[in-house]
Number of protein chains: 2
Amino acid sequence: MSNAEVCCSPVTERPMSAEEAETAARMFKALGDPVRLRLFSAVASHEGGEACVCDISDVGVSQPTVSHHLKKLKEAGLLTSERRGTWVYYRVEPAVLAAMGRLLVGSSAGALT
Amino acid sequence: MSNAEVCCSPVTERPMSAEEAETAARMFKALGDPVRLRLFSAVASHEGGEACVCDISDVGVSQPTVSHHLKKLKEAGLLTSERRGTWVYYRVEPAVLAAMGRLLVGSSAGALT
DNA sequence: CGTCTATGTTGACGCTTGTCGATTCAGGTG
DNA sequence: CACCTGAATCGACAAGCGTCAACATAGACG
């Protein structure tokens, strides 16, 4: 259900419809908070493309707040989570980065590594 | 002063610092509202890369609200404005799209058209 | 100058959001 | 089982945000 597939043609191609904008804005909004952006970057740059909460929770806010932001990122379709024993691991939804990049630069930014 | 040059290395490269996140989040936040995203797309996709307010103000909200959102986009460094006679024209700051794209996909998405 | 049109600004309103402390849940360990 | 640690949820609060109607400003035109 991740918004990645649905959304969208590049912003420079034609004016976005209300529906497209609604979907895309939800993803941008999720990255529109400094703490969330740091958490997201921490996960995305972590080895293996995934990280335990304990690895990334040092962003200067309380533990409930970290949990809250991770939930938001998950709801936006940017992260997925999985519990393994004591710890919970978050990983980046790969298609999302490509989709958002394509939305901005239009070109073949969809070509992933 | 546009945030484009300052910001940043790709999110997947290393965890963002608090300062980087603050800067980048401001740009994502600006695109995190459906109405603003539609306005931005309308300008970006308009011929010549610029548009008069009168050309794009049909997004379902009142005129003051349109003006308010355009101001926000301007403050975020995504748009610039210029008055020419009766009308005010907005245009996309070109480096910004490339910078945000690079932030997401990491690759050589900076290569513009 | 007076008036008309195109944008911007102000002030107010309700809703959303980021944050925390307290609590709860989940799993491991003794 | 009791206890401890990692993580999520709850409840509350202040701050921020999107929206509008009313008003203000800027330029064109008579």
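On a predicted model such as this, the values are computed, not experimentally measured, just so you know. Each chain gets a letter, A, B and so on, in the order the sequences are listed, and its residues count up from 1. Below, each value reflects all heavy atoms present in this structure, side chains not excepted, and no hydrogens, waters or symmetry copies.
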Decide, yes or no, whether a salt bridge links Arg84(A) with Glu50(A) under the criterion of side-chain N to carboxylate O below 4.0 Å.
-> yes

Distance below 4.0 Å between Lys71(A) side-chain N/O and dA8(D) OP1 or OP2 = no

Calculate the interatomic distance between Glu82(B) atom CD and dT7(C) atom C1'; express it in whole Å.
-> 15 Å

Atom CZ of Arg84(B) and atom P of dT7(C): how far apart are they, to the nearest Å?
-> 12 Å

Using a 4.0 Å heavy-atom cut-off across all strands, classify His68(B) as base, sugar-phosphate, or nothing.
-> base

Length of the CZ-C1' vector between Arg38(B) and dG18(D), whole Å = 16 Å

Tell me which of Trp87(A) and Thr65(A) sits closer to the 5' end of DNA chain D, going by the nucleotide each one is nearest to.
-> Trp87(A)

Where the side chain of Val61(B) is defined as all heavy atoms beyond and including C-beta, which of dT19(C), dC20(C), dC20(D) is the nearest nucleotide?
-> dC20(D)

To the nearest angstrom, the CD-C1' distance between Gln63(B) and dA22(D) comes to 12 Å

Any Ser62(B) side-chain nitrogen or oxygen under 4.0 Å from OP1 or OP2 of dC20(D) | yes

Taking the side chain of Asp33(A) as its heavy atoms from C-beta onward, which of dT19(C), dG6(D), dT19(D) lies nearest to it?
-> dT19(C)

Just by distance, do the side chain of Ser67(B) and the backbone of Gln63(B) share a donor-acceptor pair under 3.5 Å?
-> no

Pro64(A) has its side chain closest, among dT19(C), dT9(D), dT19(D), to dT9(D)

Distance, rounded to the nearest Å, where Arg26(A) contributes CZ and dT16(C) contributes P = 14 Å

To the nearest Å, give me how far apart CZ (Arg83(B)) and P (dA28(D)) are.
-> 8 Å

Under 4.0 Å between a side-chain N or O of His69(B) and OP1 or OP2 of dT19(D)?
-> yes

Looking at dA7(D), dC20(D), dG28(C), which one has an atom nearest to any side-chain atom of Val53(A)?
-> dA7(D)

Looking only at atom types and distance, does a side-chain atom of Ser41(A) sit under 3.5 Å from a main-chain N or O of Met16(B), one as donor and one as acceptor?
-> yes

For Ser67(B), which contact category applies under a 4.0 Å heavy-atom criterion: base, sugar-phosphate, or nothing?
-> base

Assess whether side chain to side chain donor-acceptor pair (under 3.5 Å) is satisfied between Lys74(A) and Ser81(A), documenting all intermediate values.
-> CA-CA 8 Å; Lys74(A) 216 168 92 177; Ser81(A) 71; 2.9 Å; yes

Look at Tyr89(A) and dG6(D) and indicate whether a side-chain polar atom (N or O) is within less than 4.0 Å of OP1 or OP2.
-> no

With sugar-phosphate meaning primed atoms plus P, OP1 and OP2, does Val66(B) contact a base, only sugar-phosphate, or nothing at under 4.0 Å between heavy atoms?
-> nothing

In terms of side-chain geometry, is the basic nitrogen of Arg14(B) or Glu20(B) positioned less than 4.0 Å from the acidic oxygen of its partner?
-> yes

Short question: side chain of Arg36(A), backbone of Ala30(A) - any donor-acceptor pair under 3.5 Å?
-> yes

Under 4.0 Å between any heavy atoms, over every strand shown, what does Lys29(B) touch: base, sugar-phosphate, or nothing? Just pick one.
-> sugar-phosphate

Rounded to whole angstroms, how far apart are CG on Leu70(A) and P on dG6(D)?
-> 16 Å

Find the distance Lys72(A):NZ to dT9(D):P and express it as a whole number of Å.
-> 13 Å

Select base, sugar-phosphate, or nothing to describe what Arg36(A) touches, counting heavy atoms under 4.0 Å on all strands.
-> sugar-phosphate

